[in-house]
Participant: 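The structure is given below, and queries will be raised subsequently.
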Amino acid sequence: MFESLICYNQGEALKEDLIIAVVILSCYPPLAWIAEYCTLIMGFDFGSILGNLATADYASVVSINLFVTLLCACIVIGHLLEENRWMNESTTAIAIGLCTGVVILLISGGKNSRILVFSEDLFFIYLLPPIIFNAGFQVKKKQFFRNFMTIMLFGAVGTLISFTIISIAATAIFKKMDIGTLEIGDYLAIGAIFSATDSVCTLQVLNQDETPLLYSLVFGEGVVNDATSVVLFNAIQSYDLNNISSTTGLQLVGNFLYLFTVSTLLGVFAGLLSAYIIKKLYFGRHSTDREIAVMVLMAYQSYMLAELFDLSAILTVFFCGIVMSHYTWHNVTESSRVTTKHVFATMSFIAEIFIFLYVGMDALDIEKWRVVSSSPGKSVGVSSILLGLVLVGRAAFVFPLSFLSNLTKKSQNEKIHFKQQVTIWWAGLMRGAVSVALAYKQFTLSGHTVQRGNAIMITSTITVVLFSTVVFGLMTKPIVRLMLPSVHHLSRALSTEISTPKSFTVPLLGSGQDSEIDIPRPTSLRMLLAAPSRNVHHYWRKFDDAFMRPVFGGRGFVPFVPGSPTERSVHPW
């Protein structure tokens with residue numbers, strides 16, 4: 001048996017698995033002699049293997065400890081700089097990442113600048129889901145769906161316009177610059193990569209209670225934009241672009257519509273299923289932990305199912321969050337409601353800080369810069385061109401599509417004014433984690449780059465992300481206050497009326513629950529939010545009350561659990 005096992009192990013691919021098996025056998029005394037026999041006939045030192053494994057484990061523990069310490073530092077320093085006119089948590093995390101990268105670079109003698117190695121799987125499977133889900137879970141549904149068509153114009157049609165402009169211009173310009181061997185798929189991927197916006201900086205300044213229309217447009221467009229960019233990127237990788245026919249464009253559009261529709265329906269189904277299960281089984285009668293566990297796991301399951309079936313996981317988990325906040329959240333006990341709100345928000349916050357911190361450290365990766373060190377001017381030129389294309393591509397759809405959207409609006413309060421258009425244009429100029437992850441996926445192999453053209457695109461992507469996040473991010477607060485001066489006065493008025501910390505009033509029980517909490521606001525804003533209208537939302541509410549809530553629960557549903565509070569206990573807030 002052992003001889004056949006040794007022959008089977010002659011392939012290098014199975015050597016690591018056999019070593020692991022030997023280590024496991026050695027841990028069980030009755031079978032330890034088998035491990036010793038294997039080490040003798042295989043010809044390696046078992047003690048040195050254990051030593052190497054122990055060293056690797058120790059290094060991993062040290063790296064994780066350092067990274068967690070940096071995350072804590074980002075949170076503390078971001079809190080101290082919260083009232084600063086220029087800084088925000090995104091730029092703070094990137095700055096700390098850059099400083100950490102410099103220190104590690106000096107300590108390692110210029111060989112390394114990172115604590116952890118970036119992985120697209122780490123980003124798309126572990127970090128992105130809580131961010132997108134919390135976005136859907138906290139969104140003001142009434143404002144989001146009231147402006148749904150405008151959001152889709154900006155997020156889907158606008159992204160396609162930006163993608164087309166960036167791809168065509170990059171193909172025309174970069175072929176003349178001789179930056180390396182890039183194919184047509186690479187140029188189209190560049191369009192998808194730099195069409196992915198990151199509105200975190202702007203959303204940190206805006207408030208959905210102070211500027212509901214603007215916040216809804218910026219927030220909704222950002223989510224749909226990310227989903228559209230990822231769908232375009234995946235479509236580019238799945239098609240044979242060397243044999244383009246007259247039907248390729250129609251296939252891309254049809255594939256996008258299919259992915260958008262099916263992904264949305266999957267998210268809605270997962271959210272409704274979680275609501276039905278929790279409503280029927282009443283987990284809260286025995287344990288509120290089970291309620292929370294079911295919500296968290298089913299939300300994550302919706303994301304992974306979308307990945308399994310090659311759908312848009314971003315759209316799936318986003319709409320799953322919307323449905324869960326509308327139905328499932330009301331079916332659990334009050335303690336579970338409080339806990340889930342904070343759990344989802346905290347997971348999203350940590351994931352965002354993690355991403356920006358790593359981007360800051362990875363910007364100094366010596367391996368990538370060594371490849372492009374022979375032509376630094378060309379790398380700077382590519383970064384400048386990409387930044388210019390981002391500015392032009394964004395302006396090419398924000399202002400024309402805003403004009404088209406205004407033609408369909410009757411009320412002046414619902415129209416997008418010029419200063420708001422400028423704010424929306426500015427909000428989408430930042431590039432962030434999605435762009436970095438897609439660039440790594442297209443131009444690297446397991447986090448490493450050796451080809452000159454690929455290295456230039458990676459370093460240029462990092463440069464654009466850093467410049468747009470830091471420079472544009474630092475200017476976000478002043479520009480928003482310049483374009484929307486009423487925001488500053490309104491925030492001061494609200495601060496004088498509400499003495500309770502914001503986290504205990506709006507995000508805890510009010511975000512995404514529309515009109516459950518009556519916070520004093522200026523008359524014009526109250527009229528904007530409360531004015532009745534015979535629109536799609538009106539008919540949806542009638543359908544929801546008559547058919548959906550009796551089956552899936554929701555607002556007004558009281559879990560039949562001894563001691564469980566009713567919906568009335570929420571209203572005094």
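Each residue takes its place number in the sequence, starting with 1.
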Participant: Side chain of Thr261, backbone of Tyr258: donor and acceptor closer than 3.5 Å?
Facilitator: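 Such a contact is absent between Thr261 side chain and Tyr258 backbone.
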
Participant: Count the heavy atoms belonging to other residues, nucleotides or ligands that lie under 6.0 Å from CZ of Phe269, then report whether that count exceeds 12.
Facilitator: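 Count not over threshold, so no.
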
Participant: Is any side-chain heavy atom of Thr346 less than 4.5 Å from a side-chain heavy atom of Phe349?
Facilitator: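 No, too far: nothing below the 4.5 Å cut-off.
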
Participant: Compare every heavy atom of Ala227 with every heavy atom of Leu315, then report the nearest pair and how far apart it is.
Facilitator: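 Shortest heavy-atom contact: CG-CB, 3.5 Å.
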
Participant: Tyr327 and side-chain contact (heavy atoms from CB on, under 4.5 Å): which partner among Ile322, Ile278, Val551, Leu272?
Facilitator: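 Result for side-chain contact (heavy atoms from CB on, under 4.5 Å) with Tyr327: Leu272.
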
Participant: If every non-hydrogen atom of Ala345 is compared with every non-hydrogen atom of Gln138, which pair is closest and at what distance?
Facilitator: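 Shortest heavy-atom contact: CB-NE2, 4.3 Å.
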
Participant: Any side-chain heavy atom of Ser468 within less than 4.5 Å of one from Val390?
Facilitator: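 Heavy-atom side-chain distance check fails, nothing below 4.5 Å.
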
Participant: Within the structure provided, determine whether Glu221 and Val398 are in side-chain contact (heavy-atom separation under 4.5 Å).
Facilitator: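 A side-chain contact under 4.5 Å is absent here.
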
Participant: Given the rule in the side-chain contact (heavy atoms from CB on, under 4.5 Å) test, do Asp198 and Val434 qualify, once you have shown the distances and angles that lead to the verdict?
Facilitator: CA-CA 8 Å; Asp198 192 328; Val434 174; over 6 Å; no

Participant: Is there a side-chain contact between Val343 and Met295 in this structure, where contact means two heavy atoms from C-beta onward sitting under 4.5 Å apart?
Facilitator: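 Result no, sub-4.5 Å side-chain heavy-atom pair not found.
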
Participant: Kindly indicate whether the side chain of Thr408, heavy atoms from C-beta on, has any atom under 4.5 Å from the side chain of Met149.
Facilitator: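 Thr408 vs Met149: side chains apart.
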
Participant: Let me know which of Asn234, Leu232, Thr228 forms a side-chain contact (heavy atoms from CB on, under 4.5 Å) with Val230.
Facilitator: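 Passing option: Asn234.
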
Participant: I'd like to know if the side chain of Asn225 and the backbone of Phe154 have a donor-acceptor N/O pair within less than 3.5 Å.
Facilitator: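 It does not hold such a pair.
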
Participant: Checking ring pair (Phe, Tyr, Trp, His ring centres under 6.0 Å) against Phe318, which of Phe260, Tyr303, Phe144 comes through?
Facilitator: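 Testing each of Phe260, Tyr303, Phe144 against Phe318, the sole residue satisfying ring pair (Phe, Tyr, Trp, His ring centres under 6.0 Å) is Phe144.
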
Participant: What closest approach, in Å, do Thr197 and Gly428 show between heavy atoms, and which atom pair accounts for it?
Facilitator: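 Closest approach of Thr197 to Gly428, heavy atoms only: CG2-O, 3.4 Å.
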
Participant: With a 3.5 Å cut-off and no angle check, do the side chains of Thr333 and Thr288 form a donor-acceptor pair?
Facilitator: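 Thr333 vs Thr288: no donor-acceptor pair found between side chains.
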
Participant: Report the distance from atom CZ of Arg431 to atom CD1 of Ile462, rounding to the nearest 0.5 Å.
Facilitator: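 Separation between the atoms: 16.0 Å.
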
Participant: Tell me, do Tyr300 and Ile125 make a side-chain contact under 4.5 Å, heavy atoms counted?
Facilitator: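 Yes, their side chains come closer than 4.5 Å.
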
Participant: If you round to the nearest 0.5 Å, how far is CD1 of Ile75 from OG1 of Thr92?
Facilitator: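 CD1 of Ile75 is found 12.0 Å from OG1 of Thr92.
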
Participant: side-chain contact (heavy atoms from CB on, under 4.5 Å) with Gln301: which residues, sequence neighbours excluded?
Facilitator: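 Once residues adjacent in sequence are excluded, the partners of Gln301 under the side-chain contact (heavy atoms from CB on, under 4.5 Å) criterion are Leu305.
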
Participant: Give every residue pair that meets the salt bridge (Lys or Arg N to Asp or Glu O under 4.0 Å) criterion with at least one member in residues 254-274, sequence neighbours excluded.
Facilitator: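 Residue pairs with at least one partner in residues 254-274: there are none.
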
Participant: Mind listing the closest non-hydrogen atom pair of Ser302 and Leu266 along with its distance?
Facilitator: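 It is O-CD2, 4.1 Å.
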
Participant: Output every pair passing side-chain hydrogen bond (donor to acceptor under 3.5 Å, both in side chains) with a member in residues 266-276, not counting sequence neighbours, ordered by first then second residue.
Facilitator: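 Listed by first then second residue: Ser274-Thr328.
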
Participant: Between CZ of Phe309 and OG1 of Thr316, what distance do you get to the nearest 0.5 Å?
Facilitator: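 Output value for this atom pair is 11.0 Å.
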
Participant: Could you check if a side-chain atom of Trp426 sits within less than 4.5 angstrom of a side-chain atom of Met483, using non-hydrogen atoms only?
Facilitator: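 A side-chain contact under 4.5 Å is absent here.
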
Participant: Can you tell if the side chain of His326 reaches within under 4.5 Å of the side chain of Arg549, non-hydrogen atoms only?
Facilitator: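 The answer is yes, as the side chains (C-beta and beyond) meet within the 4.5 Å cut-off.
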
Participant: Does Phe354 have its ring centroid less than 6.0 Å away from the ring centroid of Tyr126?
Facilitator: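 No, ring centres 6.0 Å or more apart.
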
Participant: How about CZ on Phe543, more than 12 heavy atoms from neighbouring residues, nucleotides or ligands closer than 6.0 Å, or not?
Facilitator: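 More than 12 heavy atoms, drawn from other residues, nucleotides or ligands, come within 6.0 Å of this atom.
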
Participant: Which of parallel (below 30°), tilted (30 to 60°) and perpendicular (above 60°) describes Phe137 and Trp329?
Facilitator: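 The arrangement is perpendicular - the two ring planes meet at more than 60°.
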
Participant: Donor-acceptor check, side chain of Gln442 to backbone of Ile190, threshold 3.5 angstrom: yes or no?
Facilitator: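 No; judged by distance alone, with no hydrogens or angles, the pair does not exist.
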
Participant: If you measure from CD1 on Ile314 to CZ on Phe319, what distance do you get to the nearest 0.5 Å?
Facilitator: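 Result: 12.5 Å between the selected atoms.
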
Participant: Any sub-3.5 Å donor-acceptor pair from Arg394's side-chain atoms to Ile424's backbone N or O?
Facilitator: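 Side chain of Arg394 to backbone of Ile424, a donor-acceptor pair under 3.5 Å: yes, one is there.
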
Participant: Quick check for you: to the nearest 0.5 Å, what is the distance between Ile350 atom CD1 and Ile355 atom CD1?
Facilitator: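 It comes to 12.0 Å.
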
Participant: Go through Thr476 and Met430 one step at a time and tell me if the side-chain contact (heavy atoms from CB on, under 4.5 Å) criterion holds.
Facilitator: CA-CA 10 Å; Thr476 295; Met430 273 73 79; 3.8 Å; yes

Participant: Could you go step by step and tell me if Phe67 and Ile64 meet the side-chain contact (heavy atoms from CB on, under 4.5 Å) rule?
Facilitator: CA-CA 5 Å; Phe67 207 88; Ile64 293 173; 5.8 Å; no

Participant: Counting distance only, does the side-chain N/O of Ser263 pair as donor-acceptor with the main-chain N or O of Ala313 below 3.5 Å?
Facilitator: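 Here the side-chain-to-backbone pair does not exist.
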
Participant: Please report the shortest heavy-atom distance between Ser167 and Gly191, naming the atom on each side.
Facilitator: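 Heavy atoms of Ser167 and Gly191 come nearest at OG-CA, 3.3 Å.
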
Participant: How long is the straight-line distance from CZ of Phe552 back to CD1 of Ile277, given to the nearest 0.5 Å?
Facilitator: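 So the CD1 of Ile277 and the CZ of Phe552 are separated by 11.0 Å.
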
Participant: Quick check: closest heavy atoms across Ser336 and Glu291, and the distance to 0.1 Å?
Facilitator: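 Heavy-atom minimum between the residues: OG-OE1, 2.6 Å.
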
Participant: Check the pair Ile151, Leu217 against side-chain contact (heavy atoms from CB on, under 4.5 Å), reporting the backbone distance first and the verdict last.
Facilitator: CA-CA 6 Å; Ile151 289 172; Leu217 293 177; 4.0 Å; yes

Participant: Phe124 ring centre to Lys441 NZ or CZ under 6.0 Å, with the angle to the axis within 45°?
Facilitator: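 Output yes; distance and angle both within limits.
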
